[in-house]
Amino acid sequence: MSIPPDHREAPADDATGVPRAAESDRGSPPPPVVSALPLPAPARPDRRDPFAAPFWKQRSWLLAAGFLAAALTLSLLAIVTRSDTPPLLETASAAGPLSRGAADSTGRPTGCATDDGDRATPRTPPADLRWRSLGGTRVPVSAGAGPTQKTGPVLWCFARTPMGAVLAAHVIPAQMTSPDWRAVTRDQVVAGFGRDLFVSQRSSFSDTRLKTRKNGSYAGFLLAEYSSDAATVDVLIKSPGGAYFSTSVRLLWSGGDWKVRPANDGGLHTELTAADGTDGYVLWKV
């Protein structure tokens, strides 16, 4: 993406507010105004809904949920500020539960046990659904499907089932506005170029800057793809104004638990897009 260079404007006329021409140009017609980029005319957003405008134009960080304030912004910046220097995670605390390797015969880290028998595609929320607040964002959790363990800031141990993947897609990204995001990233984001780029971009933002004044809420989900080793979950989000938006989160079973699989641009999920409604989604019924 080309970014126009910085420039100074000519001083404005005190009466009209219009820039004064140079002395040598007085009497000459003003030059035509040419747009630096051929941008299409945007549709008029509904000003009553802070999510109606494209997310990259929302200066006040009014994004769908707490994690979107970080992840969507970072995904956008990654396009124009790629770095070839791999970032480091040394500032995270000692190795977390998913960084030590599998420790028992089941391939799960020590202390992690879940009921992995229900492989059916979820049509309703789990019967033991509860809600937990993470940095201002309420996330769905389940005693049966996870997360069943908490080590430091890391909520982990999801069932190796469709519902376990669904819950991981909600819980893991929601922790990325926390001051402990590095520990979460180290343990719960698949290592590689995408993770390196995410860390590089996330490091450039202060935790205070990434806090939103108005959060959306998780409204529902759709399990788009699933196998015992990988999954894609479409997440439905309701804005403060009542509009619905969706995004997709990819997951990989790695090291005995579900982890977010980032894109090569550093995004932890796809671009936020408007949804026509709730049809086709399993609703959380909050």
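By convention here, the first residue in the shown sequence is residue 1.
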Listing request: all salt bridge (Lys or Arg N to Asp or Glu O under 4.0 Å) pairs with a residue in [range], at least two apart in sequence or in separate chains.
{"range": "residues 220-232", "value": "Arg160-Asp229"}
{"range": "residues 144-159", "value": "none"}
{"range": "residues 113-126", "value": "Arg108-Asp116"}

So which atom in [X] and which in [Y] form the shortest heavy-atom distance, rounded to 0.1 Å?
{"X": "Gly266", "Y": "Phe198", "result": "O-CB, 3.4 Å"}
{"X": "Arg250", "Y": "Thr232", "result": "CG-OG1, 4.0 Å"}
{"X": "Ala168", "Y": "Pro173", "result": "O-CD, 3.7 Å"}
{"X": "Val184", "Y": "Pro153", "result": "CG2-O, 4.2 Å"}
{"X": "Leu236", "Y": "Gly277", "result": "CD1-O, 4.1 Å"}
{"X": "Trp258", "Y": "Thr161", "result": "NE1-O, 3.9 Å"}

Going through the checks in order, is the side-chain contact (heavy atoms from CB on, under 4.5 Å) test met by Glu271 and Phe245?
CA-CA 10 Å; Glu271 179 180 314; Phe245 295 82; over 6 Å; no
Pair Met176, Leu268 - check side-chain contact (heavy atoms from CB on, under 4.5 Å), show working.
CA-CA 10 Å; Met176 292 307 172; Leu268 301 188; 3.7 Å; yes
When rounded to the nearest 0.5 angstrom, what distance separates [atom1] in [X] from [atom2] in [Y]?
{"X": "Asn264", "Y": "Leu197", "atom1": "CG", "atom2": "CG", "answer": "9.0 Å"}
{"X": "Leu134", "Y": "Leu155", "atom1": "CG", "atom2": "CG", "answer": "5.5 Å"}
{"X": "Lys259", "Y": "Asp187", "atom1": "NZ", "atom2": "CG", "answer": "6.5 Å"}
{"X": "Arg138", "Y": "Arg132", "atom1": "CZ", "atom2": "CZ", "answer": "13.0 Å"}
{"X": "Leu167", "Y": "Leu251", "atom1": "CG", "atom2": "CG", "answer": "10.5 Å"}
{"X": "Ile237", "Y": "Ser217", "atom1": "CD1", "atom2": "OG", "answer": "9.0 Å"}

Can you tell if the side chain of Tyr244 reaches within under 4.5 Å of the side chain of Ser239, non-hydrogen atoms only?
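Answer no - side chains too far apart.
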Taking [X] for the side chain and [Y] for the main chain, is one N or O donor matched with an acceptor at less than 3.5 Å?
{"X": "Gln149", "Y": "Gly111", "value": "yes"}
{"X": "Thr185", "Y": "Val189", "value": "no"}
{"X": "Thr151", "Y": "Val154", "value": "no"}
{"X": "Asp234", "Y": "Ala224", "value": "no"}
{"X": "Ser203", "Y": "Val199", "value": "yes"}

Check whether the side chains of Arg261 and Ser254 place a donor and an acceptor atom closer than 3.5 Å, and report yes or no.
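No - no donor-acceptor pair under 3.5 Å links their side chains.
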Have Trp253 and Ser228 got a donor and an acceptor in their side chains that come within less than 3.5 Å?
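Not at all, the side chains of Trp253 and Ser228 share no donor-acceptor pair under 3.5 Å.
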Partner set under side chain to side chain contact (heavy atoms under 4.5 Å, CB included) for [X], not counting sequence neighbours:
{"X": "Ala263", "result": "Asp265"}
{"X": "Asp276", "result": "none"}
{"X": "Pro122", "result": "Pro162, Met163, Phe221, Leu223"}

Name of the residue among Thr148, Thr114, Asp128 meeting side chain to side chain donor-acceptor pair (under 3.5 Å) with Ser142
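The residue from Thr148, Thr114, Asp128 that satisfies side chain to side chain donor-acceptor pair (under 3.5 Å) with Ser142 turns out to be Asp128.
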How far apart are the C-alpha atoms of Trp284 and Leu129, what are their side-chain angles, what is the distance that settles it, and do they pass the side-chain contact (heavy atoms from CB on, under 4.5 Å) test?
CA-CA 9 Å; Trp284 287 117; Leu129 173 68; 3.9 Å; yes
Would Trp181 and Arg202 count as a side-chain contact (heavy atoms from CB on, under 4.5 Å) here? Give the steps.
CA-CA 9 Å; Trp181 65 270; Arg202 174 63 177 87; 3.2 Å; yes
So that I know where these two stand, are His170 and Trp131 an aromatic pair - ring centroids less than 6.0 Å apart?
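Ring centres of Trp131 and His170 not closer than 6.0 Å.
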